[in-house]
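Computation of the quantities below employed the complete heavy-atom set of this structure, encompassing side-chain atoms and omitting hydrogens, waters and symmetry-equivalent molecules.
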Amino acid sequence: MTTAQTTELDVQPTPLALLLLGREADPRSERGVECPGDLPSPSDPDLVERARAAKEKLGDKVFVLGHHYQRDEVIQFADVTGDSFKLARDAAARPEAEYIVFCGVHFMAESADILTSDDQKVVLPDLAAGCSMADMATAEQVAECWDALTDAGIAEQVVPVSYMNSSADIKAFTGRHGGLICTSSNAERALNWAFEHGEKVLFLPDQHLGRNTAVRDLGMSLEDCVVYNPHKPNGGLTAEQLRDAKMILWRGHCSVHGRFSLESVEDVRARIPGVNVLVHPECKHEVVAAADYVGSTEYIIKALEAAPAGSKWAIGTELNLVRRLANRFAPEGKEIVFLDKTVCFCSTMNRIDLPHLVWTLESLAEGKLVNRIEVDKETEAFAKLALERMLALP
């Protein structure tokens with residue numbers, strides 16, 4: 001539709017549409033759409049050398065974290081790589097580093113700020129690097145959900161469990177209401193803890209990880225789970241449905257893992273006889289049920305490290321990581337392919353590119369603090385409480 005047509009129909013773009021178009025910012029989440037200053041050209045042939053020089057100039061003052069889903073051009077400058085929680089803990093273990101440059105997405109940088117000291121400054125190379133899953137649960141929506149649980153007379157029975165892939169606000173809500181954070185590696189232990197402290201769980205914000213853990217690991221039935229839709233009155237559920245449920249799943253998902261389908265699994269088995277299907281637990285329940293192995297990003301890496309030479313694997317997770325693993329293990333004769341036929345990068349994770357990283361490192365080397373991610377003290381305190389409960393899990 002042209003601009004003229006839009007005007008004739010008197011259609012006004014929503015704030016969300018403007019944000020997606022890059023014409024607005026969300027001040028509550030700090031996810032801007034532009035970085036101040038000029039970025040180097042993406043075609044600059046000297047970018048790699050400029051990044052090396054700036055990092056060398058900063059020395060021990062900077063510690064660069066690289067999430068597994070980052071581009072190779074960025075990963076090459078990471079001091080450590082890993083999943084979001086591992087990287088946040090790695091940052092906390094480096095108190096001598098004044099600057100923590102987090103090559104990941106917004107919620108990850110928030111977690112690093114929560115776990116590091118007040119003297120350390122966490123920097124996100126591009127403020128527009130958000131997470132679609134984390135953005136599917138806002139503080140206002142979750143507060144409305146809790147009101148619905150209160151009206152149904154069950155709030156006191158509910159323990160919130162929030163996935164690491166959530167905003168600091170949601171982590172703080174979880175801490176305030178007696179809950180804890182989980183990762184894809186310890187979700188089963190977290191749910192067991194929650195059911196020791198309550199009769200029901202509100203699982204935020206990824207419905208698939210919550211459902212898969214409850215059904216696959218804890219032995220619940222699909223009927224024990226209901227999905228709360230924040231865009232519908234009362235979450236689209238009756239008070240009776242809320243009272244009958246054991247798992248109240250937030251209607252959120254990962255835009256990457258959510259695209260894998262049962263057809264993807266069936267197709268790769270037909271194309272590659274003897275293939276092992278290994279998927280992340282953020283995938284849909286039917287995909288997880290059809291896979292041979294299910295586990296976190298770290299689990300996937302370790303499984304491929306231990307795999308015998310000549311084995312064949314179809315991996316259901318982000319493409320940057322799958323491609324990196326395929327190249328790494330090709331000399332060992334391990335065939336590793338992406339589960340889906342179509343390319344699927346994490347688009348927001350890929351906002352962190354070499355020009356943004358160079359701009360960030362050079363700015364810091366010149367004494368200019370840019371793109372700092374800072375969580376307010378009250379939010380930090382309650383979020384840290386929820387994280388500490390997770391760290392105390394047996």
Side-chain angles (χ1 to χ4, degrees), residues 20-22 25 30-84 86-88 90-91 94 96-109 112-113 120-131 256 297 317-328 330 338 343-373:
L20 294 173
L21 288 168
E30 300 181 53
R31 289 172 186 80
V33 294
E34 292 182 354
C35 292
D38 296 323
L39 293 179
S41 166
S43 59
D44 185 341
D46 300 322
L47 281 177
V48 170
E49 184 53 41
R50 288 173 64 178
R52 285 177 180 157
K55 193 166 185 285
E56 184 176 345
K57 182 177 179 180
L58 285 161
D60 292 338
K61 291 178 65 176
V62 70
F63 191 49
V64 180
L65 309 175
H67 191 272
H68 286 310
Y69 297 165
Q70 285 290 304
R71 309 163 182 249
D72 287 347
E73 67 187 48
V74 170
I75 281 289
Q76 66 179 316
F77 293 104
D79 294 302
V80 292
T81 59
D83 60 20
S84 58
K86 175 184 179 294
L87 292 176
D90 286 343
R94 290 290 293 264
E96 71 277 11
E98 181 180 354
Y99 304 116
I100 305 296
V101 176
F102 209 127
C103 298
V105 294
H106 196 274
F107 80 81
M108 299 179 187
D113 184 60
Q120 294 177 289
K121 302 169 184 67
V122 177
V123 173
L124 186 66
D126 186 351
L127 292 180
C131 169
V256 171
T297 303
T317 194
E318 204 272 344
L319 183 57
N320 272 316
L321 175 60
V322 176
R323 189 169 58 184
R324 192 175 301 125
L325 292 172
N327 292 334
R328 174 184 170 187
F338 191 58
V343 173
C344 188
F345 294 101
C346 176
S347 58
T348 50
M349 188 76 74
N350 271 264
R351 287 183 181 272
I352 308 296
D353 55 14
L354 197 49
H356 280 89
L357 180 59
V358 170
W359 170 76
T360 300
L361 293 174
E362 289 184 338
S363 297
L364 295 176
E366 294 168 4
K368 294 187 294 187
L369 177 61
V370 295
N371 288 10
R372 182 178 183 181
I373 301 299

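Judged by distance alone, with hydrogens and angles left aside, the side-chain atoms of Gln120 form a donor-acceptor pair with the main-chain N or O of Ala97 at under 3.5 Å. Between the side chain of Gln76 and the backbone N or O of Glu73 there is at least one donor-acceptor pair closer than 3.5 Å.
Between Asp90 and Lys86, at least one side-chain nitrogen of the basic residue sits less than 4.0 Å from a carboxylate oxygen of the acidic one, meeting the salt-bridge criterion. Ion pairing between Arg50 and Asp44 holds under the 4.0 Å rule for side-chain N and carboxylate O.
Leu58 contributes atom CG, which lies 10.0 Å from atom CD of Glu366 (distance to the nearest 0.5 angstrom). Taken from CZ in Arg323 to CZ in Phe338, the straight-line distance is 10.5 Å, to the nearest 0.5 Å. Separation of atoms CD1 (Ile100) and CZ (Arg94) is listed at 8.0 Å; rounding is to 0.5 Å. With rounding to the nearest 0.5 Å, the separation of NE2 in His67 from CG in Leu321 is 9.0 Å. Note that SG of Cys346 is 8.5 Å distant from CD of Gln70, once rounded to the nearest 0.5 Å. How far CG of Leu87 is from SG of Cys103: 9.5 Å, rounded to the nearest 0.5 Å.
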Inset, instruction - Could you walk me through whether Met108 and Met349 pass side-chain contact (heavy atoms from CB on, under 4.5 Å), step by step? - result: CA-CA 11 Å; Met108 299 179 187; Met349 188 76 74; 3.6 Å; yes
Legend entry - Residue pair Leu357, Val101: steps toward the side-chain contact (heavy atoms from CB on, under 4.5 Å) verdict: CA-CA 9 Å; Leu357 180 59; Val101 176; 4.0 Å; yes
Inset, instruction - Please test Val105 against Ile352 for side-chain contact (heavy atoms from CB on, under 4.5 Å), starting from the C-alpha separation and ending with a verdict. - result: CA-CA 8 Å; Val105 294; Ile352 308 296; over 6 Å; no
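For the pair Leu127/Ile373, a side-chain contact is recorded, criterion being any heavy-atom separation below 4.5 Å from C-beta on. For the pair Asn371/Pro125, no side-chain contact is recorded, criterion being any heavy-atom separation below 4.5 Å from C-beta on. Proximity of Arg351 to His356: side-chain heavy atoms (C-beta onward) are nowhere separated by under 4.5 Å. Taking 4.5 Å as the limit, every side-chain heavy atom of Thr317 sits out of range of all side-chain heavy atoms of Val256.
Surrounding CD of Glu56 are at most 12 heavy atoms belonging to other residues, nucleotides or ligands under 6.0 Å away.
A side-chain contact (heavy atoms from CB on, under 4.5 Å) with His68 holds for exactly one of Ile75, Thr297, Asn320, Leu325; it is Thr297.
Lys121 pairs by the side-chain contact (heavy atoms from CB on, under 4.5 Å) definition with Glu98, Tyr99, Leu369, Arg372, not counting sequence neighbours. Partners of Ser363 under the side-chain contact (heavy atoms from CB on, under 4.5 Å) rule, at least two apart in sequence or in another chain, are Trp359, Lys368, Val370.
Of all non-hydrogen atoms in Phe77 and Leu354, the two that sit nearest each other are CE1-CD1, 3.7 Å. Here the closest heavy-atom approach between residue Pro40 and residue Val358 is recorded as CG-CG1, 3.8 Å. Heavy-atom minimum distance, Ser84 versus Phe102: O-CZ, 4.2 Å. Scanning all heavy atoms of the two residues, the minimum distance from Ala129 to Gly104 falls at CB-O, 3.8 Å. Considering all non-hydrogen atoms of both residues, Leu47 and Pro355 come closest at CD1-CG, 4.0 Å.
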